[in-house]
Peer 1: 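Following this message is one structure expressed as structure tokens.
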Amino acid sequence: MTARVLSIVLSCIVFVSHSYGMENGTDKYIQFPRSFEQGTLRYSLGISWTLLPRAIVEEEIRQIPMVNAALRYELPSHFSVTGQFSTVYITNVLSAGVFWSYSLDNVSLAVSDEFSYWFGVANMSGFDTKAMGLLNRPAFTIGMDIDSYKITAKTEMLTVLTQHTYFGSASVARIIPEIAGIATTLTLEEDLWKSTFVSFAFRANYARPNYQVWLAFSVQDRWLFFPELQVSYIF
Amino acid sequence: MRHTITTLFRLMPLLLVVLLGSCSMDSGVNIPGFPSGGRLTETIPVQPDIVRLLDGIYTVIEGSDRMGKTVVVKASGNTLSIFTGKNAGLFVLHYGRIDSALIFEGSWRYTQGSETGLARFSMPTENGGISLLNGTRSATSFVLRGTIGDGSSEPSTPITVQFDRPLKAAPFAIIAHRGGGRNSDRLAESENSLGIIQLAEGFGANGIEIDVRLTSNGVPILFHDENFSPRLVNGEYCIGPVANYTFMQIRTLCTLKNGEVVPTLREALDVVLNKTTLSLVWLDCKSPAVLAAAGPLQQEYKQKAITQGRSLTILLGLSTEELVTEYTNMHFGGSTDALCELTLDDVRNTNARVWAPRWTLGPLPADAAQMRAEGRRTFVWTLDQREFILPFLQDGQIDGILTNYPSLVAFEYYVFQ
């Protein structure tokens with residue numbers, strides 16, 4: 001049922017995007033790996049849904065909706081600094097990184113690295129827990145500019161650098177870096193309607209689910225597939 | 001080109017739907033067996049009591065890259081299990097004897113992964129075989145030598161383990177979740193099935209937790225979810241609320257994921273009593289109405305266990321305020337055994353024998369000590385990773401752990417000094 005609703009919503013958005021996308025030719029993008037005017041700040045605000053594997057959540061709620069904010073500030077020599085913040089109240093992720101891009105005609109490439117700090121707190125019936133961790137996410141990005149569409153494919157490696165979990169008077173610390181997964185994100189950025197720039201992204205994670213599930217479910221040290229959908233408005 | 005792009009992105013929701021479906025599936029792990037029954041076909045039976053003399057902590061002499069430096073060897077039922085700290089490995093071996101040598105054959109698995117293979121061990125005469133068959137423990141001489149392999153290939157990697165010390169005798173409940181483990185761990189038997197209950201001891205458990213629901217005609221059955229769904233059952237017409245189906249309809253329309261019937265609570269308690277040596281059953285009652293049906297069965301099987309000279313505790317699990325209220329209203333307090341997951345006051349008001357806090361509260365040594373002082377026990381749920389298990393063992397005040405990986409808890413409990 002959930003999948004059907006999401007599919008309908010996304011289909012409608014894409015349909016609308018197709019219908020109105022050509023009305024404004026101005027470029028505005030944030031994920032596409034092409035540098036823009038030096039000193040310019042672009043940012044986006046959106047929502048994402050993470051769909052957790054049944055192996056973890058069983059019959060419980062599978063979706064984790066998060067509010068996302070992202071920014072990119074253009075530096076000289078095709079460098080950018082990037083930042084992101086995602087929150088679902090009890091779990092929050094703050095990221096910062098550097099992005100270098102190179103463009104050739106309508107194809108653009110980029111390499112980037114981002115550090116993410118995630119943290120969460122739960123003080124409710126049956127819970128006296130908090131957790132935090134540091135992730136590193138080196139990535140390679142390729143993008144194609146086709147008509148007014150900016151299509152970006154980004155593959156990143158997820159590395160857990162540290163992780164601390166506090167439960168009551170006890171705590172567990174993991175300080176040995178380990179590869180926790182890979183993720184590929186396919187993003188479409190376009191002028192949806194009269195300079196209303198929107199990005200749609202589908203992200204496929206193959207990873208040990210981490211900050212998304214730290215609170216509610218027993219830990220599983222297994223590599224699992226879980227998808228994410230993101231829709232953002234680019235300012 | 002524009003049309004192509006638009007089409008591709010229109011297909012994205014379809015891709016998502018396919019992925020949603022695919023990511024809910026768990027492919028099974030095929031536990032291999034020896035072709036034609038292996039060498040055990042040439043053996044004669046050995047009494048389980050004799051094999052129990054092998055119980056102990058063993059030092060790994062050869063093969064520590066696969067087993068770690070220390071393993072736990074424990075006999076239960078008709079199997080001998082080996083628990084490794086490294087990779088949370090579990091060996092389940094059947095046994096027999098040829099002359100004065102004991103032969104052990106079976107399989108191993110990393111409980112949190114999909115790696116598995118065959119294993120064959122023997123205890124030759126000179127390594128304690130004779131001593132064992134004479135019913136004595138010659139501690140310094142027990143050596144198990146063997147080989148393990150990957151997948152169904154003939155075992156060829158040598159393993160040697162030597163007895164170091166006996167297992168701790170202090171009672172500690174190692175309770176297997178859902179009768180022995182979850183479907184998501186790709187076990188040979190479905191969760192909450194009669195088969196998984198019979199495997200639980202081999203996994204290292206001495207108790208089980210099972211989920212109890214009522215059918216529409218009031219039969220208590222073992223089932224975790226509120227609804228039948230392809231996650232736990234097969235059957236085209238087996239879908240929706242469990243409480244809407246009569247027991248006969250469930251038996252006709254539904255089977256568990258590995259093809260087993262959905263068992264009744266009575267069948268499950270029969271298996272516990274007659275086919276295992278488990279000492280504890282935690283009934284996770286999924287609704288207040290379950291109590292009226294489960295209470296009499298609890299009493300009946302308690303009496304049967306006494307008659308058989310068995311030590312068996314059956315606990316009615318109280319996980320919600322509604323269950324506590326119903327339990328109190330039924331005047332069960334004092335005449336039945338209960339486990340309460342709520343506050344200490346609730347434990348006292350229901351006169352529950354066990355307090356079962358969630359692990360996310362952390363170790364609560366003062367509260368657990370208070371429970372002990374009142375003659376009650378404390379079980380923590382649900383712990384599945386070594387780093388999270390250890391603080392509770394270090395605390396020293398808890399009396400049991402509910403887990404999806406009993407072999408992991410067994411290893412940590414027995415090895416922990």
Side-chain angles (χ1 to χ4, degrees), chain A residues 2-4 6-15 17-19 21-22 51-56 58-59 62 122 124-129 144 146-149 151 165-174 186 188 190 200 202 204 215-227 229, chain B residues 1-26 88 112-114 177 182-186 224-227 229 231-232 341-343 357-365 381-388 390-392 394-395 403-404:
Chain A
T2 303
R4 198 172 299 161
L6 284 174
S7 302
I8 291 167
V9 169
L10 199 62
S11 295
C12 291
I13 292 169
V14 171
F15 175 76
S17 125
H18 175 61
S19 305
M22 285 302 291
L51 203 66
L52 295 171
R54 279 270 177 242
I56 291 182
E58 302 193 324
E59 68 169 345
R62 293 182 73 187
M124 58 190 91
S125 176
F127 291 88
D128 179 14
T129 48
M144 286 190 72
I146 304 170
D147 295 342
S148 65
Y149 293 104
I151 299 170
T165 306
Y166 300 87
F167 44 110
S169 57
S171 65
V172 167
R174 295 179 180 178
L186 190 62
L188 169 69
E190 65 167 320
F200 305 99
F202 173 75
L215 173 66
F217 305 102
S218 66
V219 187
Q220 292 223 4
D221 196 17
R222 280 169 56 183
W223 286 58
L224 297 165
F225 172 78
F226 55 103
L229 271 182
Chain B
M1 179 62 80
R2 166 172 288 277
H3 177 72
T4 307
I5 294 167
T6 308
T7 304
L8 280 174
F9 272 87
R10 276 181 175 166
L11 286 174
M12 217 159 79
L14 180 64
L15 175 67
L16 179 67
V17 172
V18 171
L19 290 169
L20 294 187
S22 65
C23 66
S24 65
M25 290 189 290
D26 276 308
Q112 294 177 328
S114 56
H177 197 205
R182 299 165 302 180
N183 284 4
S184 57
D185 287 308
R186 300 162 290 176
H224 178 269
D225 291 1
E226 188 176 352
N227 294 295
S229 74
R231 193 182 87 75
L232 292 183
E341 298 179 20
L342 307 181
T343 65
R358 188 191 279 256
W359 75 269
T360 45
L361 290 170
L364 299 162
W381 59 280
T382 302
L383 285 164
D384 288 340
Q385 285 212 331
R386 180 177 186 273
E387 309 94 301
F388 291 84
L390 286 177
F392 290 92
Q394 286 159 356
D395 158 47
T403 179
N404 290 299

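Remember, predicted model here, so these are calculated numbers, not experimental data. Naming: A, B, ... by sequence-line order, numbering from 1 per chain.
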Peer 1: Determine the minimum heavy-atom distance between B:Thr360 and A:Thr129, stating which atoms define it.
Peer 2: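 Closest heavy-atom pair between B:Thr360 and A:Thr129: O-CG2, 3.1 Å.
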Peer 1: Check whether B:Glu341 gets within reach of chain A through its side chain, its backbone, both or neither, counting any heavy atom under 4.5 Å.
Peer 2: neither
Peer 1: Residues two or more places apart in sequence or in another chain: which of them pass side-chain contact (heavy atoms from CB on, under 4.5 Å) with A:Ser171?
Peer 2: A:Tyr166
Peer 1: Quickly, which of B:Gln385, B:Arg386, B:Glu387 forms a side-chain contact (heavy atoms from CB on, under 4.5 Å) with A:Val172? Name it, please.
Peer 2: B:Glu387
Peer 1: So for B:Pro363, is it side chain, backbone, both, or neither that comes closer than 4.5 Å to the heavy atoms of chain A?
Peer 2: both
Peer 1: Step through the shown structure and confirm whether more than 12 heavy atoms of other residues, nucleotides or ligands are within 6.0 Å of CD on B:Glu226.
Peer 2: no
Peer 1: If you define the side chain from C-beta out and look only at heavy atoms, does anything of B:Phe392 sit under 4.5 Å from A:Phe167?
Peer 2: yes
Peer 1: Please list, chain by chain and in numerical order, all residues satisfying side chain to side chain donor-acceptor pair (under 3.5 Å) with A:Ser169, sequence neighbours excluded.
Peer 2: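 Here no residue qualifies.
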Peer 1: Could you tell me the separation between the CG atom of A:Asp128 and the CH2 atom of B:Trp359, rounded to the nearest 0.5 Å?
Peer 2: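 A:Asp128 CG to B:Trp359 CH2: 11.0 Å, rounded to 0.5 Å.
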Peer 1: With chain B as the partner, which of A:Ser125, A:Gly126, A:Ala170, A:Ala173 has the greatest number of non-hydrogen pairs under 4.5 Å?
Peer 2: A:Gly126
